[in-house]
Amino acid sequence: MTNASPYPANPTAHPHGPLPDPTPHPYHRMDRTTGRHRWWRPLVGTLLMSLAYVVLLLVLLAVTYGLGTALGAPELPDGGVDLGPLGNTAMDLVSLAIALPLVLLATLWPARRAAGTVTSVTGRLRTGWLGWCLLAGLPPILLLTVIAFFLPGDSGESDTWVGWSSFLAALAVLAVLVPLQAAAEEYVFRGWLLQAVGAFVRSPWFAVLPQAVLFAAAHGWGTRWGFLGLLVNGLVAGLLTIRTGGLEAAIALHVLNNLLAFGVSAAVVDGLSSDETAADAPWPLALAAVVTDLLYAALVLWLARRHKPQRLSSPAPPPTPYSGHPDHPDHPDHPGHPGHPAHPDHPAHPDHPGPARTA
């Protein structure tokens with residue numbers, strides 16, 4: 001009669017689920033690192049995220065309408081309430097920012113990976129690298145500001161100074177909401193969509209092109225030059241995301257661009273009431289924006305060569321055997337266990353013929 005083995009002789013399943021891919025992957029292939037990739041996960045995640053966004057947007061509009069009505073705000077022709085230029089702008093920014101938590105939730109499920117993997121290959125926001133990218137964005141943004149100042153403006157636009165009190169109040173609101181709105185767009189287009197397409201294709205270009213087109217189309221169709229400028233912006237941001245291994249460079253560029261655009265609008269009377277976007281830019285301004293995007297990309301790539309941000313995912317560690325497996329360090333039959341007898345070929349074994357044997 002033999003004693004029963006304290007562990008299964010042939011375990012049929014690993015207790016930790018699918019084994020992660022030990023191969024380092026670029027940012028757009030992060031969905032392939034977990035071992036849980038299935039063809040339907042990116043599709044279901046996109047569908048659920050879109051439906052949840054519509055529901056949240058309807059709830060936000062209902063709450064805004066209720067608060068506006070209670071405060072006696074006038075009604076707009078489309079049925080909404082007029083909260084004033086700054087109030088309406090704030091609600092527009094919030095309506096985009098609510099997409100950010102939805103991307104993180106979709107990454108958790110159905111993508112079944114850590115939410116931080118949509119931020120960077122390290123699984124977190126690299127604040128130091130984000131700071132360098134913000135510094136790299138200052139010269140191009142200043143250049144764009146100077147160019148825009150000398151370009152002829154629309155004769156119908158107001159150029160009356162709004163006053164310091166109104167301007168500073170607007171800047172305070174914009175400083176809080178614009179980074180959230182810009183980051184949300186980056187998480188949707190350069191984050192979720194880039195990785196959803198990258199789950200099926202290896203080429204960075206095939207992963208970058210769809211999100212860039214959708215990003216430009218999401219701003220509406222204004223002028224062909226405006227659309228082209230947004231398309232180039234989406235391509236630059238997408239390629240920088242892959243090249244630097246995270247969203248930090250794209251977020252920095254988007255935040256600085258939007259702070260400039262909204263800040264200029266907030267400086268003049270009724271500037272925030274305009275419904276024009278970058279898609280409506282005339283060709284001189286769109287061309288200037290393309291030049292600044294390319295200059296920003298060159299500066300970021302130069303910084304990347306100096307600071308070397310991680311651009312590939314870390315190799316997955318080998319799985320730890322369960323405690324009943326003979327390969328586990330605590331198992332009695334493991335060679336490293338204190339109670340395991342030394343092998344006869346080991347110098348410390350009494351039967352070893354070498355110098356360790358004693359008389």
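To the nearest 0.5 Å, the span separating CG on L93 from CG on L180 amounts to 9.0 Å. A distance of 7.5 Å separates CZ in R306 from CG in L303, rounded to the nearest 0.5 Å.
Residues L253 and N233 form a side-chain contact, since some pair of their non-hydrogen atoms from C-beta on lies under 4.5 Å apart. Q195 places a side-chain heavy atom less than 4.5 Å from the side chain of V118. Using a 4.5 Å cut-off on side-chain heavy atoms (C-beta onward), R190 and H254 make contact. In this structure, L287 and W225 have side chains that are not in contact, with every pair of non-hydrogen atoms separated by 4.5 Å or more.
Residues that satisfy the side chain to side chain donor-acceptor pair (under 3.5 Å) test with N257, not counting sequence neighbours, are absent from this structure. Remark: F200 pairs with H37 by the ring-ring contact (aromatic ring centres under 6.0 Å, His included) rule, at least two apart or across chains. Scanning for salt bridge (charged side-chain N to carboxylate O under 4.0 Å, His left out) contacts around R126 gives E248, with sequence neighbours left out. Partners of L56 according to the side chain to side chain contact (heavy atoms under 4.5 Å, CB included) rule, which considers only residues two or more places apart in sequence or in another chain, are I98, L102. A search for ring-ring contact (aromatic ring centres under 6.0 Å, His included) contacts involving F189 returns F215, not counting sequence neighbours. Judged as a side chain to side chain contact (heavy atoms under 4.5 Å, CB included), and not counting sequence neighbours, the contacts of L43 are W39.
Counting only residues at least two apart or in different chains, salt bridge (Lys or Arg N to Asp or Glu O under 4.0 Å) contacts with residues 222-244 are absent. Listed by first and then second residue, the salt bridge (Lys or Arg N to Asp or Glu O under 4.0 Å) pairs involving residues 111-123 are D31-R113 (not counting sequence neighbours). Counting only residues at least two apart or on different chains, no salt bridge (Lys or Arg N to Asp or Glu O under 4.0 Å) pair has a member in residues 226-241.
When hydrophobic side chains of Ile, Leu, Val, Met, Phe, Trp and Tyr are connected at separations under 4.5 Å, F227 ends up clustered with W221. Hydrophobic clustering, defined by side-chain heavy atoms of Ile, Leu, Val, Met, Phe, Trp and Tyr closer than 4.5 Å, groups L51 together with L47. Residue L58 shares its hydrophobic cluster (ILVMFWY side chains chained together at separations under 4.5 Å) with V54.
Side-chain polar atoms of W192 and T46 form a donor-acceptor pair below 3.5 angstrom. Using a 3.5 Å distance cut-off with no hydrogens or angles, the side chains of Y187 and T119 do pair a donor with an acceptor.
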Please evaluate residues N258 and Q181 with respect to the criterion side chain to side chain contact (heavy atoms under 4.5 Å, CB included), reporting the C-alpha separation (whole Å), side-chain torsions for both, the decisive distance (0.1 Å), and the verdict. CA-CA 9 Å; N258 284 14; Q181 167 263 328; 2.9 Å; yes
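For W161, the CH2 atom is densely surrounded, since the number of other residues' heavy atoms within 6.0 Å is greater than 12.
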